[in-house]
Structure formats: structure tokens, C-alpha cells
Peer 1: 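Pasting a structure below so you can have a look.
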Protein chains: 2
Amino acid sequence: MGLSTAMVRNAFLVNAAYSENSREYGFSPQQGQLLCILRSQPYGMGELGAVLGLAKSSVTGLVDRLERGGLVRREPDPADSRAVRVALTARGGKIADQFYTETRERILGLAAGLTDAERETLAALLARIADENNVSVIFMDLD
Amino acid sequence: MGLSTAMVRNAFLVNAAYSENSREYGFSPQQGQLLCILRSQPYGMGELGAVLGLAKSSVTGLVDRLERGGLVRREPDPADSRAVRVALTARGGKIADQFYTETRERILGLAAGLTDAERETLAALLARIADENNVSVIFMDLD
DNA sequence: TACCGATAATTCGGTGTACGAACTCACGGC
DNA sequence: GCCGTGAGTTCGTACACCGAATTATCGGTA
């Protein structure tokens with residue numbers, strides 16, 4: 001199996017894990033992704049678009065729906081009254097952490113057949129790729 | 001960076017590559033994915049749902065739109081008159097090959113900073129994960 | 001101070017994605 | 001010849017995206 005094929009299939013597995021777990025929580029994969037991003041800090045709408053690779057107008061609705069569900073809140077930006085800071089609510093923070101942890105486990109489970117050394121090698125190589133393509137900070141432990 | 005984080009970020013990169021390339025061709029990522037799957041052989045609607053992890057009713061519309069664009073065709077299954085075989089048209093086959101090749105290059109480009117040996121190691125590890133989680137056959141060279 | 005281009009975000013209209021439930025129709029065993 | 005099962009479609013609903021147009025503020029400049 002060539003590298004590109006292996007990468008595509010792994011992306012498919014990760015997407016599926018993400019989707020299934022989101023579904024169990026009653027939200028869409030995109031909403032789950034946004035919750036994970038907000039775990040580290042609040043973001044402005046424009047920033048979210050940049051991080052997610054979406055048009056600003058797409059972010060509006062995404063945040064709307066999470067806000068309607070009480071997981072997220074729009075706060076006025078103290079330094080710029082045009083801007084808005086999107087932050088997790090108390091409930092949203094709890095759910096986001098739980099969702100993150102479960103998703104993390106599910107994804108690690110995909111690599112359960114590898115030895116510790118292999119997992120370490122894999123993590124290092126994938127991290128190189130991520131770094132060299134300056135991916136958005138999309139999923140991370142908070143420690 | 002932990003393994004799960006690295007995997008999620010790489011999936012994000014692959015998704016983005018897929019999306020951007022699809023967009024250049026004027027179709028959605030899902031449509032591009034379907035075209036790549038059909039490169040190897042025709043599939044029934046139910047099979048497609050299983051391969052893609054979608055409900056049957058979702059596949060109907062996906063195929064409808066590609067058929068409207070003349071990239072795909074529904075053929076009657078000679079052995080079962082309830083069933084349908086979805087196949088690439090001549091034009092669809094050309095476009096699918098071109099799309100596949102470009103996407104492949106784009107994804108390999110993500111790993112451009114790795115040495116040949118590293119790429120080989122990475123491919124082997126990812127292939128193990130794919131095999132052990134019996135992923136659908138979603139992206140592949142035809143040789 | 002008054003102006004004006006740039007920027008943050010929303011609104012709007014349109015298309016695509018996805019689901020489950022209900023339906024049609026052919027298959028195939030009995 | 002009947003009937004349960006399986007293949008696909010239809011329908012209604014909700015979400016995900018986008019680009020273009022809009023509103024309101026920011027900040028530099030005359």
C-alpha cells in the first residue's frame with residue numbers, strides 16, 4: 001500500500017471515529033471539532049474561520065447552533081466592539097473535555113495493534129508532517 | 001505531540017487537500033471520494049453505502065448529482081432487476097483518474113519533508129492500522 | 001474633527017450532505 | 001402462488017458550506 005493510500009485511509013478512520021463519537025453526543029462532527037478547539041481558549045469568529053478553513057459566513061451558523069444548545073457563548077470583545085469572543089459555557093466545557101477524552105481513546109484504539117515503540121515512531125513522523133504544514137491547532141491535550 | 005493529536009491533525013490535512021482539489025474540479029469532497037471508489041469497478045447502491053459508511057438514502061442523492069453531471073451512470077444489474085450498478089461514464093473515468101492523480105500528489109506533498117526511509121516507515125505503520133481496522137477500499141492505485 | 005478605507009461579523013439565497021421512516025418492487029424459499 | 005426479505009427511491013428535516021451584500025466599528029489621515 002502506497003503512502004498516499006495509507007494516509008487517506010487513516011484519515012477516513014479518524015473521521016469515522018470523530019463522527020461516531022459526535023453522534024453519540026448529539027452533535028455534528030464539525031460541532032465537536034469546534035468544541036475541542038475552544039477548550040484551549042476563546043476565539044473570535046474570524047479566527048475560527050481561519051483555523052477551521054471555513055468562510056466566515058459558515059462559522060456564524062455553526063456557532064449559532066452550539067449557542068442554541070447552551071454549549072458556547074458569544075462574549076463582547078472588550079478591546080473591539082465589532083468583535084466577539086466565542087467561549088465554552090460551564091456545561092460546554094465539561095462536555096467538551098469528556099468528548100475530547102473519549103474521542104482521543106477511540107482514535108488511540110485504532111493503533112492498538114502497534115507496539116509502544118511503533119506508536120512512538122508513528123507519532124513522531126506524523127508530528128513532523130503536521131508541523132511542516134503548519135496545521136491549525138485543532139486537537140490537543142491541555143497540560 | 002501525542003499520537004492521537006498527530007493523527008487528528010494529519011486527517012485534517014488530508015481532508016483539506018481532498019476538499020481543495022475537489023473544489024478545483026467543481027465537485028464536493030464526497031463526490032470526489034465516490035469517483036475514486038468507482039475507478040476500480042462498478043458498485044451497487046447498497047455497497048456504496050457500506051463502503052462510505054452512509055445510509056442508503058444518502059447515497060441516492062450523491063449518485064443523482066454525479067449522474068446529472070454526466071460523470072456516473074446507473075446501469076441495471078443483469079442478475080437482479082431490483083438492483084443497480086453505478087459505473088463511471090467515459091468522461092467520468094478520465095476525470096476520476098486525473099482527480100485521483102492530482103489528489104495523490106497533493107497528499108504526498110504533505111510528507112515532502114520526510115526522507116525516503118521515513119516515508120516508507122510511515123507508510124508501513126499506517127498500512128498496518130488501516131489493515132487492522134478493515135477500512136473500506138477507498139483510495140488506491142489500479143496497478 | 002470629520003472623513004474614509006479596512007475589518008468583524010451577520011444576513012440572505014442557494015446547493016450539497018445526511019438521516020430515518022415510509023414506500024415500491026423484484027427475489028426466492030416454501 | 002404467497003410472503004418475508006432485500007435493493008432503491010422518496011419525503012421531510014436539519015445541518016454544512018459558500019459568495020455577495022450589509023451593518024457597524026476601528027483607526028489613520030486631512
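Everything numeric here is computed off the predicted structure, so don't read it as measured data. FYI, side chains are in, hydrogens and waters are out, and symmetry mates aren't considered; it's all heavy atoms of this structure. Throughout, protein chains are lettered first and strands after them, A, B, ... in sequence-line order, and every chain is numbered starting at 1.
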Peer 1: When the ring planes of A:Phe99 and A:Tyr18 are compared, do they come out parallel, tilted or perpendicular, using 30° and 60° as the limits?
Peer 2: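 Ring orientation of A:Phe99 relative to A:Tyr18: perpendicular.
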
Peer 1: Output, in order, the C-alpha distance, side-chain angles, deciding distance and verdict of side chain to side chain contact (heavy atoms under 4.5 Å, CB included) for A:Phe12 and B:Asn15.
Peer 2: CA-CA 9 Å; A:Phe12 186 82; B:Asn15 290 340; over 6 Å; no

Peer 1: For A:Gln33 and D:dC17, what is the distance between atoms CD and P respectively, to the nearest whole Å?
Peer 2: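 To the nearest whole Å, that distance equals 9 Å.
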
Peer 1: Kindly point out which of D:dG8, D:dC15, C:dT7 is positioned nearest to the side chain of B:Lys56?
Peer 2: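 Ranking D:dG8, D:dC15, C:dT7 by closest atom to the B:Lys56 side chain puts D:dG8 first.
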
Peer 1: Take the protein atom CG of A:Asn15 and the nucleotide atom P of D:dA16, then report the distance between them rounded to whole Å.
Peer 2: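 Rounding to the nearest Å, CG of A:Asn15 and P of D:dA16 are 15 Å apart.
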
Peer 1: With respect to the side chain of B:Ala55, which nucleotide from C:dA9, C:dG20, C:dC25 is positioned closest?
Peer 2: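 Comparing C:dA9, C:dG20, C:dC25 against the side chain of B:Ala55, the answer is C:dG20.
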
Peer 1: Using a cut-off of 4.0 Å on non-hydrogen atoms, how would the nucleic acid contact of B:Ser81 be classed: base, sugar-phosphate, or nothing?
Peer 2: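 It contacts sugar-phosphate atoms only.
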
Peer 1: Given B:Glu75 and B:Arg73, is the salt bridge (Lys or Arg N to Asp or Glu O under 4.0 Å) satisfied, shown in steps?
Peer 2: CA-CA 6 Å; B:Glu75 300 172 345; B:Arg73 185 175 42 221; 3.3 Å; yes

Peer 1: Measure from CZ on A:Arg23 to P on C:dA18 and round the result to the nearest Å.
Peer 2: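 So the CZ-P distance, A:Arg23 to C:dA18, works out to 11 Å.
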
Peer 1: Taking only side-chain N and O atoms of A:Gln30, does any of them lie within less than 4.0 angstrom of OP1 or OP2 on D:dC17?
Peer 2: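 Yes, within the criterion.
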
Peer 1: Nearest nucleotide by nearest heavy atom, which residue falls closer to the 5' end of DNA chain D, B:Val59 or A:Pro29?
Peer 2: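 Final value for this comparison: B:Val59.
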
Peer 1: Within the side chain of A:Arg9, is there an N or O that forms a donor-acceptor pair under 3.5 Å with the backbone of B:Ala127?
Peer 2: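 Flag not set: sc A:Arg9 to bb B:Ala127 has no pair under 3.5 Å.
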
Peer 1: Figure out the CG/C1' separation between A:Asp77 and D:dA24, and round it to whole Å.
Peer 2: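 Distance, rounded to whole Å: 15 Å.
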
Peer 1: Start at the 5' end of DNA chain C and walk down; is the nucleotide closest to B:Asp80 or to A:Asp80 reached first?
Peer 2: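 Taking each residue's closest nucleotide, the earlier one in sequence belongs to A:Asp80.
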
Peer 1: Between atom CD in A:Glu67 and atom C1' in C:dT10, what is the gap in whole Å?
Peer 2: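 After rounding, the reported distance stands at 13 Å.
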
Peer 1: A:Ser58 near the nucleic acid: base, sugar-phosphate alone, or nothing, with a heavy-atom cut-off under 4.0 Å?
Peer 2: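 Since a base atom lies under 4.0 Å of A:Ser58, the category is base.
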
Peer 1: Decide whether B:Ile138 and B:Val63 are clustered together by the hydrophobic rule: side chain heavy atoms of Ile, Leu, Val, Met, Phe, Trp, Tyr closer than 4.5 Å, transitively.
Peer 2: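 The answer is yes; both residues are in one hydrophobic cluster.
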
Peer 1: To the nearest Å, how far apart are A:Glu20 CD and C:dA18 C1'?
Peer 2: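 So the two atoms are 15 Å apart, to the nearest Å.
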
Peer 1: Is there a donor N/O on one and an acceptor N/O on the other, under 3.5 Å, for the side chain of B:Ser28 and the base of C:dG16?
Peer 2: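 Under the 3.5 Å cut-off, the side chain and the base do not form any donor-acceptor pair.
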
Peer 1: Out of C:dA21, D:dC26, C:dA9, which has the shortest distance to the side chain of A:Arg82?
Peer 2: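 Of the options given, the side chain of A:Arg82 lies nearest D:dC26.
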
Peer 1: Quick one: is B:Arg74 getting a side-chain N or O under 4.0 Å of the D:dT9 phosphate, OP1 or OP2?
Peer 2: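 Indeed, a polar side-chain atom of B:Arg74 lies that close.
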
Peer 1: Out of C:dT17, D:dG19, C:dA21, which nucleotide sits closest to the side chain of B:Leu62?
Peer 2: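 So the side chain of B:Leu62 is nearest to C:dT17.
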
Peer 1: Looking at every strand, decide which applies to A:Arg85 at a 4.0 Å heavy-atom threshold: base, sugar-phosphate, or nothing.
Peer 2: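 Nothing: the residue A:Arg85, judged by heavy atoms under 4.0 Å, touches no strand.
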
Peer 1: Ignoring hydrogens and geometry beyond distance, is the side chain of B:Thr60 in donor-acceptor contact with the base of D:dG8 at under 3.5 Å?
Peer 2: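 Per atom types, no contact qualifies.
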
Peer 1: Any donor-acceptor pair under 3.5 Å joining the side chain of B:Arg65 to the base of C:dG16?
Peer 2: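 Such a pair does not exist between side chain and base.
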
Peer 1: Please report the distance, rounded to the nearest Å, between CD in B:Gln31 and C1' in C:dT15.
Peer 2: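 To the nearest whole Å, that distance equals 10 Å.
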
Peer 1: Please work out if B:Gly61 contacts a base, only the sugar-phosphate, or nothing of the nucleic acid, heavy-atom cut-off 4.0 Å.
Peer 2: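 No contact.
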
Peer 1: What's the CE-C1' distance between B:Met45 and C:dC19, to the nearest Å?
Peer 2: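 For the pair B:Met45 CE and C:dC19 C1', the rounded distance is 15 Å.
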
Peer 1: Within the distance-only criterion (no hydrogens, no angle test), does the side chain of A:Asp77 pair as donor or acceptor with the backbone N or O of A:Ala79 below 3.5 angstrom?
Peer 2: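 Side chain of A:Asp77 to backbone of A:Ala79, a donor-acceptor pair under 3.5 Å: yes, one is there.
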
